[in-house]
Novice: 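There's a structure below that I have some questions on.
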Amino acid sequence: MSSHRKAPPSCAIVIFGANGDLTKRLIVPALYNLARGGMLPERLALIGVDHNDKTAEQWRDGLRDFLAQTLAKSGESIDDKLWAPIAQDMIFLKGDFEKDETYSRLSQCLQDIDGKKNLGGNVLFYLAVADRFFGTIAGKLGEAGLVRETDGRFRRLIVEKPFGHDLESAKALNACLLRHLKEEQIYRIDHFLGKETVQNIMALRFANGLFEPIWNRDRIDHVQITVAESIGTEGRGNFYEKTGALRDMVPNHLFQLVAMTAMEPPVSFDAEAIRAKKAEMFRAVHPLGLGDVVRGQYDSGLIGGQQVAAYRKEENVAPDSNVETFVAMRLLIDNWRWAGVPFYLRTGKRLAARSTEIAIRFKRAPYALFRETPVEELDADWLILRVQPDESIRLRFNAKRPGPTMALESVAMDFKYKDWFQQAPAVGYETLIYDCLTGDATLFQRADQVEAAWGVVEPVLESWADTPPRHFPNYGAGSEGPTAANDLLARDGRTWRAIK
Ligand code: BG6
């Protein structure tokens, strides 16, 4: 996440999973958006690898058509000046990810294109494939000598989510990748870190003198982090049945939000300094007890006036599935800054609204001055970092209602991104791809971070595997989740903010 924009070095980008959804929906549109900002490498070749038959022209035209359809939604058409540097050298390699022969052809192809375009031997390998292929592809690239960095050339690997499905598999995957690549060659993506509002948490905390002095247990009562979705499984029943809400969202996306909020200030904006602080924070998380976690699964219900089906009725979902679509937890961080300040986390599908926010509740003012005001009416101050949608930062505090009496009311000051900044078209992958091309790993996860995060949820995964839930489904679609999630906070005398 550099503050200076520089053109990345010329290189080839090899996309494994060239025919997949990720390539057409996110990677190629992100490259196009980088082209708008003049942030593509001067010379670029795009090589797609996948197992089905396709010519380079078919691949290119398919991607172009999809991009055109997407742009058309905002009344735009493709600008050929921007598309040309992406499309100029597009190569499609049909190949089985598990066969050596694919990699010898890829090696030849890289040599040829480098000879033609002078790419300095630089290659970014993007694993936009199902996670079962991550280890295989990295291993085969290693054996074929394709990830060796010699003569100043870079060879980097982007690994998508999910990175493992528990602590053991994450460790095994890390070990496998690290057999062939150095840590600094591996870029583990968590797309939440590509969100501007998430990156801005660091700016808010560390570029202002105002917040950091109050960012601790002396002033903060608790933190609520919500990642609520109104969508269901969206045809991903097969994937979701193996994953569930905890694995899908918590050790990655939610924990990244926790880390951004709770990490200690790094000594610099250097990737290693920031990642070390995040890993340190994860190590300070208090082991989760079973009473600290609640799971749920949605029943049918109404969303936006539309009747939607229960999870168990979704496509490719078992009619007696016990997979959770909601999880809430109470997390404690055992360090000087946060001791005694609970972080309440929740995420779920088919909730009342799509809403991702970090809400920081400050301690109440000593109310001696307002003796006439019952304490329950004197609202505490909140700082709400709204990640999506309606990206904003809101400060809620008490003000005097005009009139002859000292009556108080909670009011708000808002900073809305759209009021201050012109929104550049973005799919959320631009910064991540650009950073990888320029070798900046700040927004990517290091091996120890990933393992520490899995380590936190591991006891819950283990115990859930042994104890099937008794009351699934336990929340209606369109609601705010199961009542047990409310009980989790009620025990501490607190309530969740409304999901809206
Ligand atoms: C993905 C999960 O990683 O993140 C999905 O697999 C989830 O289940 C998605 O819907 C949420 O991301 P975003 O950017 O739409 O909030």
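Whatever order the structure lists them in is the order used to number ligands and atoms, beginning at 1.
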Novice: Measure the distance from atom 6 (O) of ligand 1 to every protein heavy atom, then report the residue, atom name and distance (to 0.1 Å) of the closest one.
Specialist: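 The protein heavy atom lying closest is Asp248 OD1, 2.6 Å.
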
Novice: For atom 16 (O) of ligand 1, what's the nearest protein heavy atom and its distance?
Specialist: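 Of every protein heavy atom, Gln388 NE2, 2.7 Å lies nearest to atom 16 (O) of ligand 1.
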
Novice: Starting from atom 12 (O) of ligand 1, what is the nearest protein heavy atom, named by residue and atom, and what distance separates them?
Specialist: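 Closest protein heavy atom to atom 12 (O) of ligand 1: His191 NE2, 3.1 Å.
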
Novice: Show which atoms of ligand 1 fall inside a sub-4.0 Å distance from at least one heavy-atom site of His253.
Specialist: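 That gives atoms 1 (C), 3 (O), 4 (O) of ligand 1.
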
Novice: Just to be sure I read this right, does ligand 1 sit under 4.0 Å from the backbone of Phe192, its side chain, both, or neither, counting only heavy atoms?
Specialist: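 Side chain only.
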
Novice: Is Arg354 paired with Glu229 through a side-chain N to carboxylate O contact shorter than 4.0 Å?
Specialist: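 Judged by the 4.0 Å cut-off on N to carboxylate O distance, Glu229 and Arg354 do not form a salt bridge.
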
Novice: Which of the numbered atoms in ligand 1 are under 4.0 angstrom from any heavy atom belonging to Lys161?
Specialist: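 Matching atoms, with element in brackets: 1 (C), 2 (C), 3 (O), 6 (O).
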
Novice: Atom 11 (C) of ligand 1: which protein heavy atom is closest, and how many Å away?
Specialist: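 Nearest neighbour among protein heavy atoms for atom 11 (C) of ligand 1, to 0.1 Å: Glu229 OE2, 3.6 Å.
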
Novice: Could I get the full list of salt bridge (Lys or Arg N to Asp or Glu O under 4.0 Å) partners for Lys277, not counting sequence neighbours?
Specialist: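 Testing Lys277 for salt bridge (Lys or Arg N to Asp or Glu O under 4.0 Å), a comparison that skips the adjacent residues, returns Glu280.
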
Novice: Going by distance alone, is a donor N or O of one side chain under 3.5 Å from an acceptor N or O of the other, for Asn322 and Arg312?
Specialist: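 There is such a pair (donor and acceptor under 3.5 Å, judged by atom type) between the side chains of Asn322 and Arg312.
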
Novice: For atom 14 (O) of ligand 1, what's the nearest protein heavy-atom neighbour? Residue, atom name and distance, please.
Specialist: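 Nearest protein contact, heavy atoms only, for atom 14 (O) of ligand 1 is Lys195 NZ, 2.6 Å.
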
Novice: Answer yes or no: is there an ion pair linking Arg205 with Glu212, defined by an N-O contact shorter than 4.0 Å?
Specialist: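 Result for this pair is yes, salt bridge flagged.
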
Novice: Identify, by atom number and element, the atoms of ligand 1 in contact range of Lys349, meaning under 4.0 Å from any of its heavy atoms.
Specialist: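 That gives atoms 5 (C), 7 (C), 8 (O), 10 (O) of ligand 1.
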
Novice: Do any nitrogen or oxygen atoms of Arg354 come within less than 3.5 Å of a nitrogen or oxygen of ligand 1?
Specialist: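 By distance alone, the answer is no.
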
Novice: Got a salt bridge between Arg497 and Glu357, using NZ or NE/NH1/NH2 to carboxylate O under 4.0 Å?
Specialist: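 Salt bridge: yes.
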
Novice: Can you tell me which portion of Glu234 lies within the under-4.0 Å heavy-atom range of ligand 1? Options are side chain, backbone, both, or neither.
Specialist: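 Answer for Glu234: neither.
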
Novice: Is there a polar contact between ligand 1 and Tyr240, counting only N or O atoms under 3.5 Å apart?
Specialist: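 The answer is no, given that Tyr240 and ligand 1 share no N or O pair closer than 3.5 Å.
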
Novice: Is a salt bridge present between Glu264 and Arg337, judged by a nitrogen-to-oxygen distance below 4.0 Å?
Specialist: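 The answer is yes: the pair qualifies as a salt bridge.
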
Novice: Identify whether the distance between the nearest side-chain nitrogen and carboxylate oxygen of Asp248 and Lys161 falls below 4.0 Å.
Specialist: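 Looking at Lys161 together with Asp248, the answer is yes, because their closest N to O distance falls below 4.0 Å.
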
Novice: Does one side chain, of Arg350 or Tyr475, offer a donor that lies under 3.5 Å from an acceptor on the other?
Specialist: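 There is no such pair (donor and acceptor under 3.5 Å, judged by atom type) between the side chains of Arg350 and Tyr475.
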
